[in-house]
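Structure first, then comments.
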Amino acid sequence: AHNIIYISSYYAVIHNCIFENNEVITNPLNHGAIIYVREHSAHAVLSQCSFRNNYTYVGGDKGSIIKMFWGELTMVNCTLANNFHLYPMEIDYSRITVDNCTFDNNVSRSAIINLVGCSNSRISRSRFTNNRVPDGMGTIHIETTDVVIGGESDSGNYFSCNRTDTTYD
């Protein structure tokens, strides 16, 4: 399988789950992800989930912890820690809400959260610490419009010790 969980055209709630020590490795023609949400009508809610020590690699540019293509994703009180992947969260042409999540000590070859063509999206009250992005795209890469980072006085995000550069160890 190219994905641990694949959600298509349904409403799914994933609550209080631990995804730990998983590997998703596929060829360049397929996308590999721990959770892959696809289709306009798909809506996934991740609540109090932990993604730790996972590894995704696809012989190309398609390995993710969470991949979203044409749908809606709500993440609340989730943790992504100590993962290695091309894109921890690759969100394309979707709506995403990230609230009170922690992103710690992840290594990504592009960005911790990569948003392309998204709308009505928000990232709030979340922590980004000790993440490493060797290609230098940034902790959050936004290639879209209508995305709010923070917002209300109590919904700011915390960024500390994140590193972007163009060298690999």
Regarding D92 and K67, does a basic nitrogen lie under 4.0 Å from an acidic carboxylate oxygen? yes
Whether [X] side chain and [Y] backbone form a donor-acceptor pair below 3.5 Å:
| X | Y | answer |
| --- | --- | --- |
| N83 | N54 | yes |
| N130 | D104 | no |
| N22 | I34 | no |

Closest non-hydrogen atom pair, [X] against [Y]:
| X | Y | answer |
| --- | --- | --- |
| C78 | S47 | SG-N, 4.1 Å |
| A42 | V37 | CB-CG1, 3.7 Å |
| C49 | N16 | SG-N, 4.0 Å |
| L80 | M89 | CD2-CG, 4.3 Å |
| S64 | T56 | O-CG2, 3.2 Å |
| N100 | S126 | N-OG, 3.5 Å |

Check whether any side-chain heavy atom of [X] sits under 4.5 Å from a side-chain heavy atom of [Y], and report yes or no.
| X | Y | result |
| --- | --- | --- |
| S108 | H85 | yes |
| V133 | H141 | no |
| R52 | T79 | no |
| T74 | H43 | yes |

If you round to the nearest 0.5 Å, how far is [atom2] of [Y] from [atom1] of [X]?
| X | Y | atom1 | atom2 | value |
| --- | --- | --- | --- | --- |
| I113 | M75 | CD1 | CE | 7.0 Å |
| N131 | N82 | CG | CG | 9.5 Å |
| L46 | Q48 | CG | CD | 11.5 Å |
| I123 | I140 | CD1 | CD1 | 4.0 Å |
| I142 | L115 | CD1 | CG | 6.0 Å |
| N106 | I65 | CG | CD1 | 7.5 Å |

Parallel, tilted or perpendicular, as decided by the 30° and 60° cut-offs, for the rings of [Y] and [X]:
| X | Y | answer |
| --- | --- | --- |
| Y6 | Y36 | perpendicular |
| F128 | F103 | parallel |
| F19 | F51 | parallel |

Mind checking what makes ring-ring contact (aromatic ring centres under 6.0 Å, His included) contact with Y10, not counting sequence neighbours? none
Verify same cluster id: V45, I7 (apolar side-chain graph, 4.5 Å):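 Per the 4.5 Å side-chain linkage, V45 and I7 are not co-clustered.
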Does one hydrophobic cluster hold both I35 and V76, with members joined at side-chain heavy-atom distances below 4.5 Å?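 Shared cluster, no.
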